[in-house]
Chemist: 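Structure provided below as structure tokens; questions to follow.
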Amino acid sequence: YYPIVKDVFERYGIFYNITEPSFTYNNFMYTALMSVFDIMQSSYSFDSVFDFVRSPLCTLDDYDKFLLENYVIEAGNTPKLWTSDDEVSFQGGFSDYDFKRVKSALYFVRECINAFSSKFKGRKKVQDITEAYADFLEYINAENTVKMLVSEHRTNGDMQLANEISAVY
């Protein structure tokens with residue numbers, strides 16, 4: 001957990017004293033796990049939101065991810081898009097069928113992000129951050145997603161990636 005703790009503590013100015021391990025995790029799982037902190041820190045920037053959306057921790061199917069990304073490009077990315085409870089009405093150039101999928105995907109991502117951000121507001125204690133993050137991971141069913149990814153990579157013979165995913169999570 002060293003890279004995650006170090007990154008979060010440094011971002012929020014929290015003093016820490018941890019001995020650095022002899023290895024680092026530099027893979028997609030680390031990016032996926034950190035994306036929720038990036039979303040909050042960057043005021044819901046496009047890149048930070050879509051680091052989460054494109055990650056394997058976001059369980060939307062690839063087509064819904066594609067539709068959502070194109071919708072946000074067309075509609076414009078604002079914090080309100082991700083934090084508001086308002087109904088999305090701008091359909092843009094999407095068919096009725098695709099727009100329903102966009103709305104469903106958008107509401108799902110909103111719920112995931114807000115599962116963390118609503119519990120994080122104003123809290124600066126490590127315990128509060130950790131509890132909010134654990135709740136977020138539980139909300140998005142990260143444990144089962146990671147188990148599935150590890151199993152897939154082991155089945156495909158990629159033991160190194162399977163072990164890295166397990167270690168990062």
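Computed from heavy atoms alone, side chains included, the values below leave out hydrogens, waters and symmetry copies. What you see is a predicted model, and the numbers here were worked out from it, not measured in a lab.
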Chemist: Taking the side chain as C-beta and beyond, is there a heavy-atom pair between H153 and N163 under 4.5 Å?
Modeler: no
Chemist: Hey, are the side chains of F66 and D62 touching, using non-hydrogen atoms and a 4.5 Å cut-off?
Modeler: no
Chemist: Any side-chain to backbone donor/acceptor pair from T83 onto P79? Under 3.5 Å, distance only.
Modeler: yes
Chemist: In terms of side-chain geometry, is the basic nitrogen of E10 or K6 positioned less than 4.0 Å from the acidic oxygen of its partner?
Modeler: yes
Chemist: Hey, mind stepping through N141 and T59 against side-chain contact (heavy atoms from CB on, under 4.5 Å) and telling me if it holds?
Modeler: CA-CA 9 Å; N141 202 18; T59 56; 6.0 Å; no
Chemist: If only atom types and distance count, is the side chain of S48 paired as donor or acceptor with the main-chain N or O of S45 below 3.5 Å?
Modeler: yes
Chemist: So do the side chains of L57 and F136 get within less than 4.5 Å of each other, counting heavy atoms only?
Modeler: no
Chemist: Looking only at heavy atoms, which two atoms of V102 and L68 are closest? And how far apart?
Modeler: O-CD1, 4.2 Å
Chemist: Give a yes-or-no answer on whether the side chains of S35 and D38 include a donor-acceptor pair shorter than 3.5 Å.
Modeler: no
Chemist: Does the gap between the ring centers of Y139 and F116 come in under 6.0 Å?
Modeler: no
Chemist: The test is side-chain contact (heavy atoms from CB on, under 4.5 Å); show your working for V36 and F52 and say whether it passes.
Modeler: CA-CA 7 Å; V36 70; F52 169 69; 5.9 Å; no
Chemist: What is the minimum heavy-atom distance between R101 and D61, and which atoms define it?
Modeler: NH2-OD2, 3.1 Å
Chemist: Taking atom OG of S55 and atom CD1 of I140, what is their separation to the nearest 0.5 Å?
Modeler: 7.0 Å
Chemist: Just wondering, do D7 and M34 contact through their side chains at under 4.5 Å, heavy atoms?
Modeler: yes
Chemist: For residues K80 and D86, report the shortest heavy-atom separation together with the two atoms involved.
Modeler: CE-OD2, 3.7 Å
Chemist: Are M159 and M148 connected in a single hydrophobic cluster, I mean Ile/Leu/Val/Met/Phe/Trp/Tyr linked by side-chain heavy atoms less than 4.5 Å apart?
Modeler: no
Chemist: Of the non-hydrogen atoms in F99 and V88, which two are nearest, and what is the gap between them?
Modeler: CZ-O, 3.8 Å
Chemist: Check whether any side-chain heavy atom of L106 lies under 4.5 Å from a side-chain heavy atom of L81, and answer yes or no.
Modeler: yes
Chemist: Please check if the number of heavy atoms outside Y133 that lie under 6.0 Å from its OH is greater than 12.
Modeler: yes
Chemist: To the nearest 0.5 Å, tell me how far M40 CE sits from R11 CZ.
Modeler: 11.5 Å
Chemist: Which heavy atom of K65 sits nearest to which heavy atom of C58, and what is that distance?
Modeler: NZ-O, 3.1 Å
Chemist: Just verifying a value: how many Å separate N114 CG and Y107 OH, rounded to the nearest 0.5 Å?
Modeler: 13.0 Å
Chemist: Using distance alone, with no hydrogens and no angle criterion, decide if W82 and N77 have a side-chain donor and acceptor under 3.5 Å apart.
Modeler: yes
Chemist: Considering non-hydrogen atoms only, spot the tightest contact between R154 and A162 and give its length.
Modeler: CG-CB, 3.6 Å
Chemist: Could you check whether any side-chain heavy atom of K103 comes within less than 4.5 Å of a side-chain heavy atom of Y71, counting everything from C-beta outward?
Modeler: no
Chemist: Would the number of heavy atoms belonging to other residues, nucleotides or ligands and lying under 6.0 Å from CG of D85 be above 12?
Modeler: no
Chemist: Do E143 and E138 have side chains that get closer than 4.5 Å, going by heavy atoms?
Modeler: no
Chemist: How many angstroms lie between atom CD of E74 and atom CZ of F94, to the nearest 0.5 angstrom?
Modeler: 5.5 Å
Chemist: Compare all side-chain heavy atoms of V109 with those of L60 and state whether any distance is below 4.5 angstrom.
Modeler: yes
Chemist: Hey, any chance F9 and Y12 share a hydrophobic cluster, counting ILVMFWY side chains that come within less than 4.5 Å of each other, even indirectly?
Modeler: yes
Chemist: Let me know which of D64, N70, L67 forms a side chain to side chain contact (heavy atoms under 4.5 Å, CB included) with D98.
Modeler: L67
